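Computed from heavy atoms alone, side chains included, the values below leave out hydrogens, waters and symmetry copies. Only a predicted model underlies this, so the values are computations on that prediction, with no experimental measurement involved.
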Amino acid sequence: LSCKVEDSVRSRSAVQKQVVNSTMAACRLIACTIVILSIFGAASGADLLEHGAARHHGTPLDHTLLSTRVGVSKAMGASIGRWEQAAASTRGTDDMGLIRELMATPGTATGLTPSLLQRLSTVRVTPEVQKFSSQMLKDLEPVFASIVKANQSDAKLLADSYARFSIVEALFTEGQPAVDSKEQVADVSRELHGTCRKQQTTILPSITESERLVNETKSRMADTLAAVEGAGRSVSLWFQAADPGSATLSAFVQHEHLVEQYHAELQAHIEVWKTHNDNVQKLENATKVYAEKEKACGEKQVEFERAICTLGDSMQSLCSSHVSEYNIHLQDYEALSSAIAEKVYDRKVEWVHLKKIACILDKFAAVRANTSLSTNSSVGQKIQGCYEADFANEDLAIPVVVAPPPQACPTLPTLPCTVAFHAEEYADLPAELAVACKSDCAMAMPTNAPAATTQAPTPAPMPEWVQCARIKNFRGPQVDTESGVDGNTYLSSSWGESDFADRAAFGNHCPDIAHPSAVEFKVLDGSFNLNFETGAFALQENVFVTKSGLYSETSETGAVFKVEQVDGQQGRLIYGSRCASVHSNGYRQRTTFCVAKGGQYQSILGGINGDNYGNGRGPCMCNPNSMCGHCGSSSIVEIYMKTVAGNA
């Protein structure tokens, strides 16, 4: 505005420039500049008004304050026109110019300057000046109403903006029931899973007892079989030592006794065998029940963990939406508060200045016509009083209320597949259940922190899982000279295919991995349906290459794998729900293997029972959850190892 005024007054007189400079030092609003423009005519008034209105362009306050300025400009402009007509009939422009200067001068803390008071004493108030003053007073009345109305409009605008926080809060509150509903689903799923696992735990003792009885009757069978063989040899020796054709009665009585003894031992062996078969059947039944319960509990675990994931996602979505909406509105509210505070200041200044003008005009309108101020000093004192009067209007103040805080976001639940989740949810379950994570849904709550702009360093190679083996029933090299697999080294030496993308590919190249950090096993049926998988076992070395004899690993989740690598036929049977049974059945085995998880297990015997079951010295795959009785199982064991890329 100053630049605009300077352009307009370059050609004016020094007195006019002095008036403009003194006025611009105190006036901040368009209403004031309109008064200044009256000194030079109304020609450039519209231009200055347009320039001043652009100061707050783009905000809602344009309309409220601009309406005040337009109202002032119209009122002042109309009066200025009448004033110019009045001036033409006065005794000259000197008195009118002095009056204009008087109205445009803000004065000092003590009132008018002495020089202006001295010059004012020469002014004569004509009827035209009185008429102008009265008319301008009338024109100013709606201007003050416009200022109040504009201030009320801004107060409502700010109050409405503050009320928007309650809407943001209400949206958050409306979303809470959906979160609560998902939390209830998660609680119910947790209870169902926990109940199932407790029921599963009650089956374990029957399996343990059945395994004990099977081992006991198996041992008794070996004893009764030895007794039968001994009694049979005694009968055979009698025939070798005696000639039935010439034997005496006592010899036949002795023979009868030996036969009865053999029969008794045979009957005892048969009874033990029946008992053993019953025990094996009970173990198989208990194992089957356990496997079915494990499957059911696994399904409930998936439902539970997915419910937790869904709950976490719902909480995250609600919180992200609320934080975003709150921050956006907070920025708007703070910007609006700042802008309104500036407008309030402007209106207070505008109000005081226009009130002083109205006071001066009132004094001019009140004196008698054609009165010279030089002969009426009281009028000058009253005008001086207009400058000294306190016209401040504190009702124009608009208090700015501090924005309320955002709603507290719900605490995200501990998510599955984390150490903390396992400790919270599964730590109290028996280790034998080997409960492992099934649903990974790691998430993070939103933050208001800006995204990092620095380029991340190139990450080091990450460990990756590779399938290194797929094993089934295989014949030994003496049976299949081209593709035969040795029953002693089927785990410790590489053989067969190395690319297992094709399901027809079988082989073992795990020994080729130099430094695995973990191993995992999957047991499948002949149609490649998953029976069970173990999860990861942490490794420090490739144990299939570095270990010999009996070696066992138990994972953090309770899964077990056990192997007895031998170079002859001294391997022992390894079986049971936790691969806990390790003993010899009196026959010759090569390298033996067992893997178990959650009550299910899979065993492999190298060169079963002295290479006598059709595979020769090759590995014999047992049926799931049982010891081998033949080599007809279609089970498949896949082995995966975790290694740094390029280290295989």
Side-chain angles (χ1 to χ4, degrees), residues 190-223 271-304 422-438 521 523 531-535 537 550 552-562 572-585 592-603 622-629 635:
R190 177 187 289 107
E191 182 66 24
L192 292 175
H193 174 247
T195 300
C196 186
R197 292 300 184 183
K198 290 178 182 177
Q199 294 171 350
Q200 183 184 2
T201 303
T202 62
I203 304 174
L204 286 174
S206 64
I207 293 178
T208 301
E209 177 62 14
S210 294
E211 288 178 345
R212 186 189 69 79
L213 293 175
V214 166
N215 292 334
E216 179 182 294
T217 52
K218 184 182 287 289
S219 177
R220 288 173 57 196
M221 279 178 62
D223 294 338
E271 290 301 321
V272 172
W273 199 330
K274 289 179 179 179
T275 303
H276 177 70
N277 285 343
D278 289 343
N279 290 337
V280 169
Q281 187 61 49
K282 290 178 181 178
L283 176 59
E284 290 178 354
N285 292 340
T287 302
K288 181 179 179 181
V289 170
Y290 186 89
E292 291 173 350
K293 179 59 70 173
E294 164 64 20
K295 181 180 179 181
C297 292
E299 292 172 352
K300 285 180 169 53
Q301 181 183 339
V302 169
E303 293 174 0
F304 164 53
H422 195 277
E424 289 178 14
E425 302 292 348
Y426 304 146
D428 294 337
L429 297 176
E432 293 86 348
L433 297 184
V435 178
C437 165
K438 293 182 180 294
F521 302 91
V523 179
N531 288 337
F532 69 91
E533 59 183 315
T534 61
F537 296 85
L550 185 64
S552 178
E553 277 283 355
T554 302
S555 72
E556 292 182 353
T557 59
V560 177
F561 82 86
K562 193 172 293 186
R572 292 171 290 179
L573 307 180
I574 308 176
Y575 63 97
S577 60
R578 294 179 299 281
C579 297
S581 298
V582 180
H583 66 85
S584 173
N585 64 346
T592 57
F593 172 84
C594 177
V595 60
K597 184 258 184 181
Q600 300 186 75
Y601 71 93
Q602 178 66 53
S603 296
C622 302
N623 280 327
N625 306 315
S626 64
M627 178 41 60
C628 293
S635 291

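Between the CG atom of Leu192 and the CD atom of Glu299 there is a distance of 12.5 Å, given to the nearest 0.5 Å. Of the inter-residue distances, the one linking Phe593 atom CZ with Cys579 atom SG reads 7.5 Å to the nearest 0.5 angstrom. Separation of atoms NZ (Lys274) and CG (Asn277) is listed at 10.0 Å; rounding is to 0.5 Å. For the atom pair NE2 of His422 and CG of Leu429, the computed distance is 8.0 Å after rounding to the nearest 0.5 Å. Going from atom SG of Cys594 over to atom CZ of Phe521 covers 10.5 Å, rounded to the nearest 0.5 Å. The distance from the CD atom of Gln281 to the OG atom of Ser210 is 10.5 Å, given to the nearest 0.5 Å.
Listed for the Ser206 side chain is a donor-acceptor partner under 3.5 Å among the backbone atoms of Ile203. Tyr575 places no side-chain N or O within donor-acceptor distance of the main-chain N or O of Asn625, the cut-off being under 3.5 Å. No donor-acceptor distance shorter than 3.5 angstrom exists from the side chain of Ser581 to the backbone of Gly576, with no hydrogens or angles considered. Under a 3.5 Å cut-off, the side chain of Ser552 and the backbone N or O of Lys562 do not form any donor-acceptor pair. With hydrogens and angles disregarded, no donor-acceptor distance shorter than 3.5 Å links the side chain of Ser603 to the backbone of Met627.
The 12-atom threshold is exceeded at CD of Glu209, counting heavy atoms of other residues, nucleotides or ligands nearer than 6.0 Å.
Minimum heavy-atom separation, Arg572 to Ser584: CG-N, 4.0 Å.
A 4.5 Å side-chain heavy-atom check between Gln200 and Glu294 finds at least one atom pair inside the cut-off. Looking at heavy atoms from C-beta onward, Tyr426 lies in side-chain contact with His193 at the 4.5 angstrom threshold. Annotation: side chain of His276 is not in contact with side chain of Arg220 (no heavy-atom distance under 4.5 Å). Residues Val582 and Thr592 are not in side-chain contact: their nearest non-hydrogen atoms beyond the backbone lie 4.5 Å or more apart. The shortest side-chain heavy-atom distance between Val523 and Lys597 does not fall under the 4.5 Å cut-off. Considering only heavy atoms from C-beta on, Tyr290 comes within 4.5 Å of Leu204 through its side chain. With a 4.5 Å cut-off on side-chain heavy atoms, Glu553 and Val560 do not count as touching.
Judged as a side chain to side chain donor-acceptor pair (under 3.5 Å), and not counting sequence neighbours, Glu271 has no contacts. In this structure, the side chain to side chain donor-acceptor pair (under 3.5 Å) partners of Gln199, at least two apart in sequence or on a different chain, are Lys293. Qualifying side chain to side chain donor-acceptor pair (under 3.5 Å) partners for Ser635, counting only residues two or more places apart in sequence or in other chains: Gln602, Ser633.
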* Test Thr554 against Arg578 for side-chain contact (heavy atoms from CB on, under 4.5 Å), laying out the working first. => CA-CA 10 Å; Thr554 302; Arg578 294 179 299 281; over 6 Å; no
* Give the intermediate values and the outcome of side-chain contact (heavy atoms from CB on, under 4.5 Å) for residues Leu283 and Leu213. => CA-CA 9 Å; Leu283 176 59; Leu213 293 175; over 6 Å; no
* Could you walk me through whether Lys218 and His583 pass side-chain contact (heavy atoms from CB on, under 4.5 Å), step by step? => CA-CA 11 Å; Lys218 184 182 287 289; His583 66 85; 3.2 Å; yes
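Side-chain atoms of Asn215 and Glu211 form no donor-acceptor pair, as typed in the model, at a separation below 3.5 Å.
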